[in-house]
Amino acid sequence: MTVDEPAEVIDCLGQRCPLPVIALAKRITGLPVGRVIRVLADDPAAANDIPAWCRMKSQEYLGSPEPSAFDVRRTS
């Protein structure tokens, strides 16, 4: 596994926001700094909510490598 590969994947498909963001907030603290977590979320609001959460919490949003997938790197 490379540093940019997700160390963990959270499956939030079918869940409405803010549930994917809440799941991300809970699980990211369990990752070492520098590792990536992928959130699977098909609610259209996730495309705005996850990057916004990253900005507010000073985490690095890496983008959406595929439809309904959002990668975040833990920075602190």
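FYI, the numbering just counts along the sequence from 1.
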Taking all non-hydrogen atoms of both residues, which atom of N48 and which atom of P51 are closest, and how far apart?
O-CD, 3.5 Å

Decide yes or no on side-chain contact (heavy atoms from CB on, under 4.5 Å) for C12 and L19, but give the supporting numbers first.
CA-CA 8 Å; C12 296; L19 294 178; over 6 Å; no

Could you tell me whether the side chain of D71 and the main chain of L62 form a donor-acceptor pair under 3.5 Å?
no

Minimum heavy-atom separation for S64 to A69, with atom names?
OG-O, 2.6 Å

Could you list all the side chain to side chain donor-acceptor pair (under 3.5 Å) pairs where at least one residue sits in residues 17-27, not counting sequence neighbours?
E8-R27

Provide the closest heavy-atom pair for S68 versus L13 in the form atom of the first, atom of the second, distance.
CB-CD2, 4.2 Å

Please report the C-alpha distance between T75 and K57 in whole Å, then the side-chain angles of each, then the deciding distance to 0.1 Å, and finally whether the side-chain contact (heavy atoms from CB on, under 4.5 Å) criterion is met.
CA-CA 9 Å; T75 60; K57 298 298 182 178; over 6 Å; no

Can you list every pair that meets salt bridge (Lys or Arg N to Asp or Glu O under 4.0 Å) and has a residue in residues 11-23, with sequence neighbours left out?
none

Of all the heavy-atom pairs spanning P32 and R74, show the shortest one and how long it is.
O-CB, 4.1 Å

Rounded to the nearest 0.5 Å, what separation is found between the CD atom of E60 and the CZ atom of R55?
13.5 Å

Quick one: are D49 and P20 in side-chain contact, heavy atoms under 4.5 Å?
no

Hey, does R38 have a side-chain heavy atom less than 4.5 Å from the side chain of L40?
yes

With clusters built from Ile, Leu, Val, Met, Phe, Trp and Tyr whose side-chain heavy atoms come within less than 4.5 Å, directly or transitively, what are the remaining members of the cluster of V39, listed by chain and number?
I10, V21, L24, I28, L31, I37, I50, W53, Y61, F70, V72

Over all atoms of both residues, closest heavy-atom pair of S76 and S58
OG-O, 4.3 Å

